[in-house]
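Reviewing the structure listed below.
In listed order, ligands and their atoms are each counted from 1. Here the structure is a predicted model, which means the values were calculated and not measured.
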Amino acid sequence: MTQYKAPRGTHDIYGQMALALEELDKISRAVFRKRNFKEIKTPMFEDVALFTRSIGEATDIVEKEMYVFEDRKGRKLALRPEGTASLVRAYIEHRLDIEEPMGKFFYCGDMFRYERPQAGRYREFLQMGAEYLGNSNPNADVEIILLAKEILSTLNINDVVIHINSLGCQNCRPMFRQKLVNYFSSIQDLCEDCKRRLEKNPLRLLDCKIDSQKFQNIPTMQVCLCEDCKNHFKRVQSLLKTVDCDYFVDDKLVRGLDYYTRTVFEVRSKVIGSQDAICAGGRYDNLVKELGGQQIPSVGFALGSERVLMAAQNAGFFNKLPKNDIIFIALADSELFDEAFKFANNLILNKNNIKQKLNLQDNIVVEGPFLNKSLKLQFKLADKIEASKTILFGKTEFDNGKIIIKDMKTHQQQEVSI
Ligand code: ATP
Ligand code: MG
């Protein structure tokens with residue numbers, strides 16, 4: 001028989017990891033909501049043009065990472081590689097500028113990129129992101145950075161560095177671009193990717209993993225920024241200082257998507273290995289207009305959930321996952337199965353406040369009863385799943401209207417009337 005395996009680059013999430021993910025989801029939702037960010041769910045696939053248009057033709061994502069397919073009617077679609085384009089599409093389509101005038105949204109979901117799989121790099125992965133639409137003020141950039149930082153610190157992930165940079169705007173970036181083209185043109189033996197990008201997207205050469213060692217004294221955007229962009233970037237930094245948020249100005253920081261303007265940032269963690277970016281984002285003042293909406297300056301970020309969990313695991317998060325008491329219903333006599341089955345159901349529904357009467361907590365987990373398993377095996381199972389108590393149905397006790405509650409740690413048992 002064929003042994004089926006999960007497709008290359010995908011991974012199954014189960015056990016502790018699934019619990020941790022659930023907890024991460026809860027924690028981040030609470031942080032988003034505190035700052036009045038509202039959830040938006042968009043489809044996992046969209047018109048492929050939405051992504052090529054927004055992310056940019058000459059980017060890794062569009063050139064080689066997208067899952068593109070045609071449906072039965074010949075529509076060209078793509079599995080979403082990121083969340084911002086879809087969110088902006090939905091914002092324009094549903095006139096959310098009117099319905100949600102604060103323009104604050106968050107999303108959580110699967111993204112798809114055809115990349116070379118490695119630790120922390122998958123072909124299907126999870127992102128949580130926030131977008132703040134319609135606020136051009138530097139305080140929006142800072143709010144977005146703080147939001148990301150707060151999610152991480154709630155998970156005890158404090159060992160991170162926030163890299164920030166400014167990519168300027170339509171007015172000043174062309175000068176930077178030209179300087180880069182001049183600079184890179186003088187460098188011998190650029191890799192094939194860099195040669196190709198030099199024409200289309202010279203900023204991308206800055207984070208080429210192959211050629212970056214060859215680059216010295218690269219022109220920086222800082223010196224090219226126009227007055228407005230300079231002031232914007234200064235204000236972002238002074239506000240970050242005001243709220244005691246440490247950051248590092250990294251003039252080599254560029255992003256793999258074309259829509260960014262002005263502030264870009266990345267949160268990196270050394271503890272998770274070479275794929276050290278756990279969160280990335282920035283300002284995109286022209287994207288909404290590019291996609292057919294009004295001029296709505298905006299800023300956002302995306303956190304990679306798997307990488308966040310790697311960092312969280314390192315910070316001891318997995319040892320502190322909430323754990324509910326498990327109550328195992330055991331049967332000494334199989335003829336009592338129906339009674340025990342009914343009891344388990346009543347316990348789950350807390351009929352007649354049975355939990356309180358039995359001194360059990362409200363959030364207990366109920367397991368069992370099972371037929372055709374020896375009592376020994378039932379207790380073994382109860383131990384295996386780390387049940388805190390076993391409620392045993394035995395013929396003699398039951399005929400007297402009683403059950404036995406056994407504490408699995410102390411091994412004490414008591415008979416209780418039901
Ligand atoms: P990288 O430089 O690691 O490729 P990126 O710049 O492509 O990241 P973004 O598109 O900005 O990443 O996505 C934001 C976050 O999503 C990243 O910081 C990372 O945590 C996560 N992420 C991106 N690609 C992947 C992937 N293939 N697998 C797992 N997580 C990913
Ligand atoms: Mg990438």
Is the gap between the ring centers of His11 and Tyr122 under 6.0 Å?
yes
Tell me if the centroids of the rings in Phe106 and Phe32 come within less than 6.0 Å of each other.
yes
Protein contact of [atom] - nearest heavy atom, named by residue and atom, plus distance:
| atom | result |
| --- | --- |
| atom 8 (O) of ligand 1 | Arg307 NH1, 4.4 Å |
| atom 21 (C) of ligand 1 | Gly304 CA, 3.6 Å |
| atom 28 (N) of ligand 1 | Tyr122 N, 2.9 Å |
| atom 29 (C) of ligand 1 | Gly120 O, 3.3 Å |
| atom 11 (O) of ligand 1 | Arg255 NH2, 2.1 Å |

Geometric N/O contact Phe125 with ligand 1, under 3.5 angstrom
no
Check whether any N or O atom of Gln275, backbone or side chain, sits under 3.5 Å from an N or O atom of ligand 1, and answer yes or no.
no
So, 4.0 Å and heavy atoms of Glu82: is ligand 1 close enough to count as a contact?
no
Looking only at heavy atoms, is any part of Arg121 under 4.0 Å from ligand 1, and if so is it the side chain, the backbone, or both, or is it neither?
both
Checking the side chain of [X] only, and the main-chain atoms of [Y] only, is there a donor and an acceptor separated by less than 3.5 Å?
| X | Y | value |
| --- | --- | --- |
| Ser374 | Leu377 | yes |
| Gln313 | Val308 | no |
| Ser166 | Gly168 | yes |

So, are Arg197 and Asp60 salt-bridged, with charged N and O less than 4.0 Å apart?
yes
Regarding Glu150 and Lys34, does a basic nitrogen lie under 4.0 Å from an acidic carboxylate oxygen?
yes
Pick, from Met128, Glu306, Glu115, the option with the minimum heavy-atom distance to atom 27 (N) of ligand 1.
Glu115
Nearest non-hydrogen atom to atom 12 (O) of ligand 1 belongs to which of Gln127, Arg113, Glu266?
Arg113
Is any side-chain heavy atom of Asn135 closer than 4.5 Å to a side-chain heavy atom of Pro297?
no
Any idea which atoms of ligand 1 are less than 4.0 Å away from a heavy-atom of Ala277?
17 (C), 18 (O), 19 (C), 20 (O)
For Cys279, take its heavy atoms, then give the atoms of ligand 1 lying under 4.0 Å from any of them.
18 (O)
For the residue pair Phe393 and Phe343, does the interplanar ring angle fall in the parallel (under 30°), tilted (30 to 60°) or perpendicular (over 60°) class?
perpendicular
